[in-house]
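Inspection log for the structure reproduced underneath, given as C-alpha cells.
Worth knowing before you read on, the calculation uses all heavy atoms, side chains too, and leaves out hydrogens, waters and symmetry mates. Since the model is a prediction, treat every value here as computed from it, not as a measurement.
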Amino acid sequence: MTWLLANWQQVIDLAVDHLLLSLPAILLAVLISIPIGRFAFRRPRVGGPLLSVATLAYAIPALPLLVIVPAILGVPLRSWQNMVVVLTIYGIALLVRTTADAFASVDAELRDAAVAEGFSPRGLFWRVDLPLAIPVIISGVRVVSVSTVSLVTLGALIGVSSLGRLLTDGFQRGIAAEIWTGVIVTALLALAIDGIVVLIGRLLTPWARLRRSGRSLRSPLPATPASPRAES
C-alpha cells in the first residue's frame, strides 16, 4: 500500500494507457467478427474453413506477431497501432466462431415466420437474427474483453506503455508491491469492462429481463412492418 500511495499517479496514467489499447481492440474485434460470423453461418461450405483459419490465429505467439505486424503494415514496433492490430487479431480469433454459433442458435421457425411476414434479408438481420443472437455474442465478447485486457500487459515487453510496465519494472527491481499493484489493477480493469459488457447486453435484450421478472412476453420478434416492401 505504501508503494501504491507513493506512485498512484503513475498507476492511473498506465491504467489510462491500458484502457486506450484495450477498448479499440475489443470494439474492432466485435465489429469485424459479426459480419464474418454471419457469413460463415450463411455459407457453411466456405465458412467452415474460414472459421478454422480464424481460430488458428489465436495459436500464433504474441511476441512474434508483434514483430510481424509492423513489418507488414509499416507501423512502428512500439506504437499503439501495432498493439491494437495484434489485440484485434486475437479478439477476432476468439469471437468469430462464437458469433457464427450465435446466429445458428436463432430459432429457424422464428426466422421462417419473419420471412413469411415480409421481412427482407436486411430487415431479417437487423430485426430478428442479430437481436436474438446478442446473448450468445455477449458471452463471447466477455471472453474477448478479459483476454484483451490481459494481453495488453505483453506490450510492456516491447516498450508500449501499459500496466504491464509495473510487472516488468517490478521484476527487474525486485519490488513485489509494484508487481502486485500491476496484477490487481489489471484484474480490476478486466472486471470493470466485463461488467460494462454485461450491462450493454442487458440493455440490448430487454425481453430477457421481462422473462426473468416473470412478465409475459410471447416473442422477442419485433412488430411486423407496416408494409413488407418498405423493408427492401
Side-chain angles (χ1 to χ4, degrees), residues 1-33 53-98 139-198 200:
M1 183 60 73
T2 302
W3 184 93
L4 177 59
L5 293 175
N7 298 275
W8 63 270
Q9 186 60 54
Q10 179 191 4
V11 174
I12 292 176
D13 292 341
L14 292 175
V16 172
D17 291 340
H18 206 101
L19 283 175
L20 292 177
L21 294 172
S22 302
L23 296 180
I26 295 170
L27 181 60
L28 285 173
V30 174
L31 293 178
I32 295 173
S33 296
V53 171
T55 304
L56 286 175
Y58 198 77
I60 302 175
L63 287 179
L65 194 58
L66 286 168
V67 176
I68 293 172
V69 168
I72 296 175
L73 300 182
V75 298
L77 175 66
R78 296 180 174 84
S79 65
W80 66 268
Q81 295 95 331
N82 184 23
M83 281 300 303
V84 170
V85 170
V86 170
L87 294 170
T88 301
I89 291 173
Y90 284 127
I92 294 172
L94 284 174
L95 188 58
V96 69
R97 184 173 293 278
T98 302
S139 67
V141 175
R142 294 181 65 184
V143 175
V144 170
S145 300
V146 174
S147 173
T148 300
V149 172
S150 175
L151 286 172
V152 169
T153 57
L154 293 176
L157 298 177
I158 60 171
V160 177
S161 179
S162 73
L163 289 169
R165 180 174 294 177
L166 298 179
L167 306 181
T168 56
D169 187 69
F171 277 117
Q172 291 173 353
R173 300 168 60 189
I175 304 176
E178 186 175 6
I179 298 172
W180 278 110
T181 299
V183 172
I184 292 172
V185 177
T186 300
L188 291 176
L189 280 184
L191 290 174
I193 294 177
D194 180 63
I196 293 172
V197 172
V198 171
I200 292 174

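Between the side chain of S22 and the backbone N or O of L19 there is no donor-acceptor pair closer than 3.5 Å. Without hydrogens or angle criteria, T186 side chain to G182 main chain gives a donor-acceptor distance under 3.5 Å. Judged purely by atom type and a 3.5 angstrom limit, Y90 has no side-chain atom pairing as donor or acceptor with the backbone of V85.
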Checklist entry - Does the pair Q81 and L73 meet the rule for a side-chain contact (heavy atoms from CB on, under 4.5 Å), with working shown? => result CA-CA 10 Å; Q81 295 95 331; L73 300 182; over 6 Å; no
Next on the checklist: For S139 and V143: C-alpha separation, side-chain torsions, deciding distance, then whether side-chain contact (heavy atoms from CB on, under 4.5 Å) applies.
Outcome noted: CA-CA 7 Å; S139 67; V143 175; over 6 Å; no
Next on the checklist: Run W80 and L21 through side-chain contact (heavy atoms from CB on, under 4.5 Å) and show every step you take.
Outcome noted: CA-CA 7 Å; W80 66 268; L21 294 172; 3.6 Å; yes
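A25 approaches V84 most closely through the heavy-atom pair CB-O, 4.0 Å. Closest non-hydrogen pair, S33 versus G91, comes out as OG-O, 4.4 Å.
The shortest side-chain heavy-atom distance between L20 and P24 does not fall under the 4.5 Å cut-off. By the 4.5 Å heavy-atom criterion applied to side chains, V149 and H18 are counted as neighbours. For the pair L63 and L66, the minimum side-chain heavy-atom distance is below 4.5 Å. Residues I92 and Y58 are not in side-chain contact: their nearest non-hydrogen atoms beyond the backbone lie 4.5 Å or more apart.
Going from atom CG of D13 over to atom CG of N7 covers 11.0 Å, rounded to the nearest 0.5 Å. Of the inter-residue distances, the one linking T88 atom OG1 with L31 atom CG reads 10.0 Å to the nearest 0.5 angstrom. How far CG of L65 is from CG of L87: 9.5 Å, rounded to the nearest 0.5 Å. Between I72 atom CD1 and N82 atom CG the span is 10.5 Å, to the nearest 0.5 Å. T168 OG1 to I179 CD1: the interatomic distance, rounded to the nearest 0.5 Å, is 9.5 Å. Expressed to the nearest 0.5 Å, how far CG of L95 lies from OG1 of T55 amounts to 10.5 Å.
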Going by atom type alone, with no hydrogens or angles, which donor-acceptor pairs under 3.5 Å involve a side-chain atom of residues 188-196 and a protein atom two or more places apart or on another chain?
from	atom 1	to	atom 2	distance (Å)
D194	OD1	R142	NE	2.7
D194	OD2	R142	NH2	3.0

Please table the atom pairs, donor to acceptor, closer than 3.5 Å between any side-chain atom in residues 152-166 and protein atoms at least two apart or in another chain.
from	atom 1	to	atom 2	distance (Å)
T153	OG1	S150	O	2.6
S161	OG	D17	OD2	2.7
S162	OG	V152	O	3.4
S162	OG	G164	N	3.1

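With sequence neighbours left out, F171 forms a ring-ring contact (aromatic ring centres under 6.0 Å, His included) with no residue at all.
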